[in-house]
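First up is the structure itself, then whatever we jot down about it.
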Amino acid sequence: MQFYSELEHSTIRRLYEQGLESIVRLVSKLEDRIIHLEDLQLSDRAQTVEQLSEQIKLLQQTLEQKSQQVIAVHQLNHALLLRIRELEQFIESDAAETTVINRDSHNSNLPPSLDPPWQKPQRTRSLRKKSHRKPGGQLGHSGATLLQVSAPDRIIAHWLDRCPRCQSPFAPTDVVRHFRRQVFDIENGRQTVIEHQAAMMRCRACETETRSFFPAFVKAPVQYGADARAKSLYLHLYQLIPVARTAEAMRDLFACPMSSATIQRAARLCAGKLVRSEQRTKAAIRQSAIAGVDETGIRVGGEVFWVHVARTETLTHLEPHAKRGKAAFDHIGIINQFKGILIRDGWSSYKWYSQCRHSLCNAHLLRDLTFIAEAYPPQQSWTNALCRLLIEMKDAVEAARQAAQTKLDAALQNVFLERYDGILSDAERAIARASPPKINSLTPQQLVRRLTRNKREILCFLFDFAVPFDNNGSERDLRMLKLQQKIAGCFRTMAGAVAFCRIRSYLSSVRKQGRGVSAALKGALLGKPTLLNRAVLIS
């Protein structure tokens, strides 16, 4: 049509007038055009048919794959339904009584930090990465230096009365010059700058120049005073405020700007001045009649270490060590020389020391009984009875102590002992009837053997009122250390862990004796710990 539309009537008429040959050529040309168009149509149709055939093959392959997947899903669904029916029958059957009960902090002596993760909130992992930079101020950091001020709040002059050479008296006019040192301290809740001036004096008789001395605690041209450092250590090591926030608190509360490095240096200085105090505390605990011991794990420089506590009602000693057992005890030197009554848990390393009597913590025992009752329900009759008996013994001892009695009535003691032995006999019969399998780390058979073998150690509190029912005092002395770990994460160095434990031991002892913590820190920084007098230590 397009070709024909291009021909006009005038053109056709002109060809007609030219003759027959012109008409024939036009017709031949039109025939060739028609044949060409028919060939094009046939080739396009064949190509379309070929493409559609390939698509049909792909669809058939996809359909076969989907069919196989549907069959696999049906088979898996059938297998899961069968497994669900088996589990339902198992739960309904008597075999459900032997279900494994996991030990955690409520039914064993495991700390809450070891509870299974599904029983506590999931902790989010930090997305921060290490910067590989050294600790401390970086290049370009301006820093801050404590400088002397031109107008101090108070001036204290230090003079000499006589010439040390000829003993001639000095007069105010003999002063040649002054040497200045300033102490930034806290007085009446605010920072105060106290300037100490040592006078250089010339004797009129012998012409000798002599300089007076600064007080022993004034050692630098500019420094912080004992009150300021004691308050920073009180916030940082007693209230466990991180060091950077302690510096902020010192600035905001007392208008005393103090760097983190200064606070850490004060902690090292305080720990160094408490070495003798620590030695005397260890000696006093070794000589005491009753001492509690325990240990807990900490992280130092990314590795696991242990902090060991030895304590009395008036003293506390904390010391870190790489080992948990006998090697650490011998290195610390308290338990291996102790001859009184040792309050402890069931850690086997304590059994090495037979020179002292042992008393087991009944709080740990109650948690073990709770665990057996939950893991082995047929054993609940004797475990619950023994729990009630131990609590009844504890209440009876407390009532007798409040009545100013020094020991329990002999008849009542015998009744308690007979009931204890009777419950253990019932336990042996219950275990023989049930034959409980070993499905956990602690079995009823093991617990009954421990209750029988360690009867005197378990019931030591019943015969001696000075012996506590449990070892919770040692755990309380370790609690602040665990809190510090939660706040700071870990100790960077072993020296930092030693300093922290030494100062916390001192502060815990001060608090037990009813003394002021802040004043005790100031005394320690001045080299005069307020705790140590022999009468308190040995009592």
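Computed from a predicted structure; not experimentally measured. What's counted below: heavy atoms across the whole structure, side chains too, no hydrogens, waters or symmetry copies. We count residues from 1, following the sequence as given.
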Check whether [X] reaches the backbone of [Y] with its side chain - one donor and one acceptor, N or O, closer than 3.5 Å.
{"X": "Gln223", "Y": "Phe217", "result": "yes"}
{"X": "Gln355", "Y": "Ile335", "result": "yes"}
{"X": "Asn77", "Y": "Val73", "result": "no"}
{"X": "Lys482", "Y": "Gly297", "result": "yes"}
{"X": "Thr383", "Y": "Gln379", "result": "yes"}
{"X": "Thr296", "Y": "Val307", "result": "no"}
{"X": "Arg515", "Y": "Ser509", "result": "no"}
{"X": "Gln191", "Y": "Asp185", "result": "no"}
{"X": "Asp470", "Y": "His364", "result": "no"}
{"X": "Ser288", "Y": "Ala291", "result": "no"}

Between Leu408 and Phe416, does the side chain to side chain contact (heavy atoms under 4.5 Å, CB included) criterion hold? Intermediate values first, please.
CA-CA 11 Å; Leu408 204 61; Phe416 282 142; 4.0 Å; yes
For the NZ atom on Lys323, are there more than 12 heavy atoms of other groups (residues, nucleotides or ligands in this structure) within a distance under 6.0 Å?
no
Would one find more than 12 heavy atoms of other residues, nucleotides or ligands at under 6.0 Å from atom CD of Gln485?
yes
[X] bridged to [Y] by N-O distance under 4.0 Å:
{"X": "Lys522", "Y": "Asp227", "value": "yes"}
{"X": "Arg502", "Y": "Glu319", "value": "no"}
{"X": "Asp477", "Y": "Lys512", "value": "yes"}
{"X": "Arg245", "Y": "Glu248", "value": "no"}
{"X": "Asp421", "Y": "Lys455", "value": "yes"}
{"X": "Glu398", "Y": "Arg401", "value": "yes"}
{"X": "Asp464", "Y": "Lys407", "value": "no"}

Heavy atoms only: give me the nearest [X]-[Y] pair and the separation to one decimal.
{"X": "Ile290", "Y": "Pro468", "answer": "CG2-CD, 4.5 Å"}
{"X": "Val293", "Y": "Asn471", "answer": "O-ND2, 2.8 Å"}
{"X": "Ala230", "Y": "Leu521", "answer": "O-CD1, 3.7 Å"}
{"X": "Val243", "Y": "Ser260", "answer": "CG2-O, 3.6 Å"}
{"X": "Ala524", "Y": "Tyr506", "answer": "CB-CE2, 4.0 Å"}

Check the pair His317, Val309 against side chain to side chain contact (heavy atoms under 4.5 Å, CB included), reporting the backbone distance first and the verdict last.
CA-CA 6 Å; His317 175 260; Val309 61; over 6 Å; no
His321 vs His331 aromatic rings, parallel, tilted or perpendicular, using cut-offs 30° and 60°?
tilted
Taking C-beta and beyond as the side chain, do [X] and [Y] meet within less than 4.5 Å on heavy atoms?
{"X": "Met250", "Y": "Leu235", "answer": "yes"}
{"X": "Val300", "Y": "Arg492", "answer": "no"}
{"X": "Leu447", "Y": "Arg450", "answer": "yes"}
{"X": "Val498", "Y": "Thr493", "answer": "no"}
{"X": "Arg311", "Y": "Leu318", "answer": "no"}
{"X": "Leu525", "Y": "Tyr224", "answer": "no"}
{"X": "Phe305", "Y": "Arg299", "answer": "no"}
{"X": "Gln264", "Y": "Arg268", "answer": "yes"}

Report yes if the distance between the aromatic ring centroids of Phe338 and Tyr353 is under 6.0 Å, otherwise no.
no
Establish, yes or no, whether a centroid distance under 6.0 Å links the rings of Tyr350 and His358.
no
Please enumerate all residues that pass side chain to side chain donor-acceptor pair (under 3.5 Å) together with Arg479, with sequence neighbours excluded.
none
Give a yes-or-no answer on whether the side chains of Ser505 and Ser508 include a donor-acceptor pair shorter than 3.5 Å.
no
Verify whether one side chain among Tyr238 and Arg511 offers a donor that lies under 3.5 Å from an acceptor in the other.
yes
The test is side chain to side chain contact (heavy atoms under 4.5 Å, CB included); show your working for Cys256 and Phe184 and say whether it passes.
CA-CA 8 Å; Cys256 180; Phe184 288 68; 5.6 Å; no
Take Glu457 and Leu342, measure what side chain to side chain contact (heavy atoms under 4.5 Å, CB included) needs, and give me the verdict at the end.
CA-CA 10 Å; Glu457 289 82 0; Leu342 192 68; over 6 Å; no
